[in-house]
Amino acid sequence: MQLQYFVPVQIYFGSRCVELNADVFQSFGKTALIVTGKSSAKNGALQDVCSVLEKKKIRYGIFDAIEQNPSLRCVEEGGKRARAERADFLIAIGGGSPMDAAKGIAVLARQDVAPGGLFTHAITGDVLPMIHIPTTAGTGSEVTPYAIFTNETEQTKKSVSSPSLFPKAAFLDARYTQDLPRDITVNTAVDALSHSVEGMFSVRSNALTDLLAEESLRILMPETEKLASGMISFASREKLLYGSMLAGMVIANTGTSPVHTMGYSLTYFDKEPHGRANGLLLPAFLKACEKKDRALTEKVLRALGMTQTEISERLFALLGCGKAYSDETLMKYAQIAAKGKSIRNCRVQFTQAELYAILRGSFERGAQ
Ligand code: NAP
Ligand code: FE
């Protein structure tokens with residue numbers, strides 16, 4: 001058996017974990033820059049962090065200009081701010097957008113690269129140490145070496161990957177996700193389940209990543225049933241956060257698949273939220289995989305605990321149907337996706353025409 005696995009993040013999970021582990025912040029230095037968005041700062045996380053920093057006499061600034069699907073411009077601004085504040089470390093508070101933006105800021109704060117260089121140069125060496133605090137339960141960015149930025153030149157979102165982008169520590173407290181609106185809760189939960197499914201299809205999957213993926217799906221799937229009926233208790237919030245962290249630990253080692261690659265166009269051009277974009281594509285992707293690799297698809301369906309029809313219906317109950325797209329638009333999305341590197345990361349290989357068929361199949365309901 002061949003196996004590799006690497007997630008060098010110190011994880012603190014549980015209610016009040018920030019307050020209970022205040023000393024950890026002190027070990028990072030004397031000056032922090034908090035990186036967050038406007039509403040992701042309003043769930044108690046920012047308050048808890050500021051109170052710990054004040055208690056430990058750590059100076060801090062707050063950069064709260066992170067937009068959804070962060071652009072290089074906003075990362076550049078954050079990098080300048082981190083330099084101006086002479087920050088010893090960053091604390092990212094928010095969903096995937098602030099957490100990913102912090103990773104880009106960590107590089108630009110310490111290295112003399114143009115923001116566009118994040119896409120074109122291998123990221124190595126010195127970056128600002130990062131502490132990540134997720135306030136959505138979905139991306140798993142707190143345990144991954146990836147940052148996804150909007151790439152205007154290529155008209156898509158593009159992933160940057162480097163072991164240097166792993167945060168040093170992550171604090172996961174489900175209280176910070178308690179007031180997430182239902183639609184964001186659903187979309188982010190679907191992102192997490194998509195990570196585990198796509199991880200199982202990855203050419204880099206192995207016994208350990210499969211174990212994590214199967215465990216995350218075992219935890220997440222019953223919660224998606226509750227979400228469909230509108231019930232979101234604190235216990236559910238904790239399970240969603242834990243399951244999404246496990247799914248993050250999967251993709252940290254496997255990467256994602258054509259679902260994420262195609263989903264980027266739905267987000268870039270049509271403003272579909274990231275997790276929802278993946279969920280709209282997942283049923284047609286699974287059906288296409290079954291035709292080419294029945295055994296692997298059956299293994300994934302077993303992990304989901306569902307048949308093809310049941311997973312389609314569950315995602316439909318959660319997300320409804322997508323827009324009605326023209327053939328021309330979907331052909332363009334298939335063409336963009338075919339250039340994405342995740343396409344080659346999948347054990348089931350698809351041509352551009354087959355990617356188009358998955359996209360077309362995903363939006364048949366919307367077209368009716
Ligand atoms: P997000 O873009 O970070 O946040 C979505 C919305 O939720 C924003 O309006 C945000 O407010 C709000 N929000 C966040 N926490 C909240 C809370 N506790 N209460 C109320 N509102 C809250 O969404 P996301 O789905 O978490 O992240 C998506 C991004 O992550 C995408 O760019 C995706 O490509 C990326 N991603 C990264 C990885 C990775 O491994 N690095 C994996 C998957 C996805 P603000 O605008 O104020 O922040
Ligand atoms: Fe994702």
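In what follows, residues are counted from 1 in the order of the sequence shown.
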Look up atom CD1 in I232 and atom CZ in R182, then write down how far apart they are to the nearest 0.5 Å. 7.0 Å
Expected output: side-chain E354 to main-chain T351 donor-acceptor under 3.5 Å: yes
Quick one: name the residues clustered hydrophobically with F316, using the 4.5 Å side-chain heavy-atom rule over I, L, V, M, F, W, Y, and just say none if it's on its own. none
side-chain hydrogen bond (donor to acceptor under 3.5 Å, both in side chains) partner of Y176, the single match among D48, T135, N43: D48
side-chain hydrogen bond (donor to acceptor under 3.5 Å, both in side chains) filter on T267, not counting sequence neighbours, yields none
List in chain and number order the residues that pass salt bridge (Lys or Arg N to Asp or Glu O under 4.0 Å) with K158, two or more places apart in sequence or in another chain; answer none if no residue qualifies. E154
Once side-chain contact (heavy atoms from CB on, under 4.5 Å) is applied, do any residues pair with T188, and if so which ones, sequence neighbours excluded? T136, I184
Would you confirm whether R276, through its side chain, and L319, through its main-chain N or O, come within 3.5 Å as a donor-acceptor pair? yes
Aromatic plane relationship, Y264 with H274 - under 30° parallel, 30 to 60° tilted, over 60° perpendicular: parallel
Which residues pass the side-chain contact (heavy atoms from CB on, under 4.5 Å) test with T124, sequence neighbours left out? none
Whether the side chain of N187 engages the backbone of D183 through a donor-acceptor N/O pair (distance < 3.5 Å, no angle test) should be reported. yes
Applying side-chain hydrogen bond (donor to acceptor under 3.5 Å, both in side chains), can you list everything that pairs with Q308, at least two apart in sequence or on another chain? E290
Applying side-chain contact (heavy atoms from CB on, under 4.5 Å) to T329 and not counting sequence neighbours gives Y325, S326, Y333
Rounded to the nearest 0.5 Å, what's the gap from CD on Q111 to OG on S164? Could you check? 7.5 Å
Is any side-chain heavy atom of E142 less than 4.5 Å from a side-chain heavy atom of F166? no
Review item, side-chain donor-acceptor pairs of residues 240-249, under 3.5 Å, at least two apart:
{"unit_1": "S244", "atom_1": "OG", "unit_2": "G138", "atom_2": "N", "d": "3.4"}
{"unit_1": "S244", "atom_1": "OG", "unit_2": "L240", "atom_2": "O", "d": "3.4"}
{"unit_1": "S244", "atom_1": "OG", "unit_2": "L241", "atom_2": "O", "d": "3.1"}

Sidechain-backbone polar pair: D270 side chain, E272 backbone, donor-acceptor under 3.5 Å: no
Hits for side-chain hydrogen bond (donor to acceptor under 3.5 Å, both in side chains) against Y60, two or more places apart or cross-chain, chain-then-number order -> E54
Give a yes or no answer on whether the side chain of K38 reaches the backbone of D64 with a donor-acceptor pair at less than 3.5 Å. yes
Those residues that, when tested against T254, pass side-chain contact (heavy atoms from CB on, under 4.5 Å) (two or more places apart): S202, S205, T209, V250, I251
Using links of under 4.5 Å between side-chain heavy atoms of ILVMFWY residues, direct or through other members, which residues join V75 in one cluster? L33, V35, F63, I66, L72, L90, I105, V107, L108, V113, L118, F119, I123, V127, L128, M130, F149, V160, L165
According to side-chain hydrogen bond (donor to acceptor under 3.5 Å, both in side chains), who are the partners of K332, at least two apart in sequence or on a separate chain? none
